Each structure stands twice: as C-alpha cells, then as structure tokens.
Amino acid sequence: MKNAIIIAFLVFFLTAFTSCNKAYNKIEITFSKSDVKDTIPIRYSLLKLLNEDSIIFEKKVIDDIKIGEKYVLDSLPNGNYILEYSDIKSDIHARKINLNNNSVYKSTIIYDSLPLEKYYKYAPLNNLKKGESYKLFTWGNSCARMESFYEIKNINGKYFLNSNVDNKRLLTDDEIKSIKKFEAELYALNGKGTCNSTARMDYVIIKGIKRDTIIEKTCNWKGYNLLMSKLYNSN
C-alpha cells in the first residue's frame with residue numbers, strides 16, 4: 001500500500017513537472033495591404049509552416065481572408081521553423097522563426113507589396129509630354145466581358161481626363177499621383193498570377209502608334225476599381 005502511494009505520488013509529480021515545462025509556442029500572422037484603405041478580402045495560394053523534420057501546417061488554397069484578420073498557429077513545440085507564403089504575384093517567400101519557452105511570434109504579411117520604384121518609369125502618365133495623349137482600356141475575359149477606359153491628355157502642362165463617365169475633367173495633384181501608382185502596379189503585375197483565362201484582366205494602353213497589352217492574372221488585385229473609386233468617390 002505504501003509503495004502504491006509512493007508510485008502514485010511520483011507519477012503525479014512527473015506529470016505536473018512535464019506539464020509545467022511543456023512549451024506552447026504560438027505564431028500569429030496578420031494579413032494586410034500596402035493601401036490601408038484597401039479592405040477587399042484576399043485569397044492566398046500558399047501558406048506553409050515547416051520545421052527541421054516535416055511540414056507542420058500547409059494550405060494551398062485558403063478561403064477569403066479579411067484584411068487585418070489574424071491566422072493563428074498554436075501549441076507549437078520549441079524549435080526552428082520556416083514560414084512560407086505567397087504574395088500577389090504568386091512568388092514564394094520564406095521567413096525563419098525560432099520558438100522557445102512559450103514564445104509568441106507575430107508576423108505581418110503585406111500581401112500586395114510591390115517594388116514600384118522600378119516601374120514608375122513605365123507609367124504612361126509619367127512620360128506624357130505637352131500635346132500628347134493616351135488611352136487605357138480594360139476588360140475581363142468573362143462571359144459578361146465588361147469594358148472600361150480612360151484617356152488622359154496633356155494640354156499646356158495640365159492633365160485632363162476623359163472616361164466612360166467623364167469628359168475633359170482637370171485632374172488634381174492627388175488624382176495624378178493615384179493614376180501613376182495604379183499604372184506602376186499594373187506594369188509590376190504584368191503576366192503575374194495563376195488565374196485561368198475566365199478570371200484574368202486584360203489591359204491595353206494606346207499612345208500614338210504604340211500599343212501595350214498587359215495581362216493580370218492574380219485574381220486578387222483590384223487596382224482599377226480602387227483607382228475609379230478615388231477619382232469619383234473622393235469622400
């Protein structure tokens with residue numbers, strides 16, 4: 001009887017000791033976009049967590065995630081991990097993480113971060129000289145095939161906008177900045193993404209005899225809609 005009590009006590013002590021020393025590490029991932037006003041949900045094509053031995057967690061397709069929402073991976077043992085994720089271009093990135101003694105690793109993924117400084121030089125509005133103009137047409141390859149366009153003219157150093165709903169409206173400095181940013185993003189995303197033909201967006205830019213065709217296949221970029229919102233719903 002005495003031995004049984006001692007054994008029971010030892011089992012209790014070892015269980016309590018193990019429980020107290022067991023690590024419950026956590027990774028918190030927050031999804032965001034470069035434009036804080038862009039709250040349109042996103043769809044990730046890859047999110048994976050690996051340690052030295054195996055894949056701990058993997059999602060190749062995730063339902064729409066709200067901007068600012070946290071994705072939590074908890075009850076993780078001590079060790080070294082690699083967090084892999086895709087961006088809006090479907091490029092894969094990796095972050096090394098060390099978890100130890102009930103640590104919480106917080107990571108913010110800016111899904112649509114783009115190196116725009118490399119692409120502003122391609123923006124048509126950045127290269128528009130006095131007396132010149134260009135048109136941008138866009139449509140989706142869906143059954144409805146909705147088409148939209150805008151045209152910008154440089155008249156004596158001032159920029160005027162024509163579109164589906166406007167005619168020769170003088171652009172403000174903020175609107176000019178928004179258009180240049182949209183056009184730089186467009187060139188940065190040319191040919192990027194994994195959408196099929198029914199979900200992609202086509203853009204054609206015509207300036208004189210020059211014609212550029214840009215295909216955007218991310219399924220997640222709403223640059224044109226956001227631009228139109230800024231131009232016509234500034235409030």
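Only this structure's heavy atoms are used, side chains among them; waters, hydrogens and symmetry mates stay out. Only a predicted model underlies this, so the values are computations on that prediction, with no experimental measurement involved.
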- [ ] Might you work through the side-chain contact (heavy atoms from CB on, under 4.5 Å) test for L76 and K26, ending with a clear yes or no?
- [x] CA-CA 6 Å; L76 299 170; K26 182 191 298 185; over 6 Å; no
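- Exactly one of F137, W139, Y134, Y203 qualifies for a ring-ring contact (aromatic ring centres under 6.0 Å, His included) with F149. That residue is F137.
- In summary, K192 and E216 do not engage in a salt bridge, as defined by a charged side-chain N under 4.0 Å from a carboxylate O.
- Inter-residue side-chain proximity for E84 and L47 is flagged as unmet; no heavy-atom pair is nearer than 4.5 Å.
- The shortest side-chain heavy-atom distance between L49 and I82 does not fall under the 4.5 Å cut-off.
- Among residues at least two apart or in separate chains, ring-ring contact (aromatic ring centres under 6.0 Å, His included) pairs with a member in residues 172-195 are Y122-Y187, F182-W221, F182-Y224.
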TODO: Let me see the working for D212 and V204 under side-chain contact (heavy atoms from CB on, under 4.5 Å), right down to the final yes or no.
DONE: CA-CA 6 Å; D212 281 348; V204 174; over 6 Å; no
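- Smallest separation of non-hydrogen atoms from L125 and E183: N-OE1, 3.1 Å.
- Taken to the nearest 0.5 Å, the CD1 atom of I92 stands 4.5 Å off from the CG atom of L46.
- Side-chain N/O atoms of Y85 and S107 include no donor and acceptor closer than 3.5 Å.
- I215 and I205 are assigned to two separate hydrophobic clusters, defined by single-linkage of ILVMFWY side chains at heavy-atom distances under 4.5 Å.
- When hydrophobic clusters are built by joining Ile, Leu, Val, Met, Phe, Trp and Tyr residues whose side-chain heavy atoms come closer than 4.5 Å, directly or via intermediates, L170 is not grouped with I152.
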TODO: Tell me, with the steps shown, if L83 and K48 meet side-chain contact (heavy atoms from CB on, under 4.5 Å).
DONE: CA-CA 6 Å; L83 178 66; K48 183 191 296 184; over 6 Å; no
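- The side-chain heavy atoms of T138 and D202, taken from C-beta on, include no pair separated by under 4.5 Å.
- In this structure, I29 CD1 and L73 CG are separated by 5.0 Å, a value rounded to the nearest 0.5 Å.
- In this structure a side-chain-to-backbone donor-acceptor pair under 3.5 Å is present from K33 to I40.
- For the pair N127 and K207, the tightest heavy-atom approach, listed with the atom from each and the gap, is O-NZ, 3.1 Å.
- Taking OG of S86 as the start and CG of D91 as the end, the distance is 9.0 Å to the nearest 0.5 Å.
- Not a single donor-acceptor pair under 3.5 Å links the side chain of S113 to the backbone N or O of I110.
- Annotation: side chain of Y24 is not in contact with side chain of D74 (no heavy-atom distance under 4.5 Å).
- Side-chain atoms of N154 come within 3.5 Å of backbone atoms of L128 as a donor-acceptor pair (strictly under, hydrogens ignored).
- For the pair G68 and T30, the tightest heavy-atom approach, listed with the atom from each and the gap, is O-CG2, 3.8 Å.
- Annotation for S34 and D112: closest pair N-OD1, 2.8 Å, computed over non-hydrogen atoms.
- Taking every heavy atom of both residues into account, K153 and E151 meet most closely at CE-OE2, 3.4 Å.
- No donor-acceptor contact under 3.5 angstrom links the side chains of N162 and Y150, judged on distance only.
- Partner of E175 under the side chain to side chain donor-acceptor pair (under 3.5 Å) criterion, out of K180, R169, K230: R169 alone.
- Checked by atom type and distance alone, the side chain of S178 pairs as donor or acceptor with a backbone atom of D174 at under 3.5 Å.
- The distance from the NZ atom of K222 to the CG atom of D35 is 15.0 Å, given to the nearest 0.5 Å.
- Here OG of S133 is found 13.0 Å from CZ of F160. Values are rounded to the nearest 0.5 Å.
- The cluster map of Ile, Leu, Val, Met, Phe, Trp and Tyr, joined by side-chain heavy atoms under 4.5 Å apart, puts Y232 and L226 in different clusters.
- Taking 4.5 Å as the limit, some side-chain heavy atom of L161 sits within range of a side-chain heavy atom of L231.
- Surrounding CG of D173 are at most 12 heavy atoms belonging to other residues, nucleotides or ligands under 6.0 Å away.
- Between the side chains of N25 and N78, at least one donor N or O sits under 3.5 Å from an acceptor N or O.
- Side chain of N126 to main chain of Y120: a donor-acceptor pair is present (N/O by atom type, distance under 3.5 Å, no hydrogens or angles).
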Open item on the list: Show, in sequence, the C-alpha distance, side-chain angles and deciding distance for N220 and Y111, and conclude whether the side chain to side chain donor-acceptor pair (under 3.5 Å) test is met.
Closed with: CA-CA 10 Å; N220 278 307; Y111 175 68; 2.7 Å; yes
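- A single hydrophobic cluster is not seen to contain both Y105 and L50; linkage of ILVMFWY side chains at heavy-atom distances under 4.5 Å, directly or through other members, places them apart.
- Between A184 and A123 the shortest heavy-atom distance is N-CB, 4.3 Å.
- In this structure, the side chains of I27 and L99 come closer than 4.5 Å at one or more pairs of heavy atoms.
- Side-chain heavy atoms closer than 4.5 Å link hydrophobic residues (I, L, V, M, F, W, Y) into clusters, and following such links, possibly through other members, connects L186 to L171.
- The CG atom of N190 sits 13.0 Å away from atom NZ of K89, with the distance rounded to the nearest 0.5 Å.
- Listed for the N80 side chain is no donor-acceptor partner under 3.5 Å among the backbone atoms of N98.
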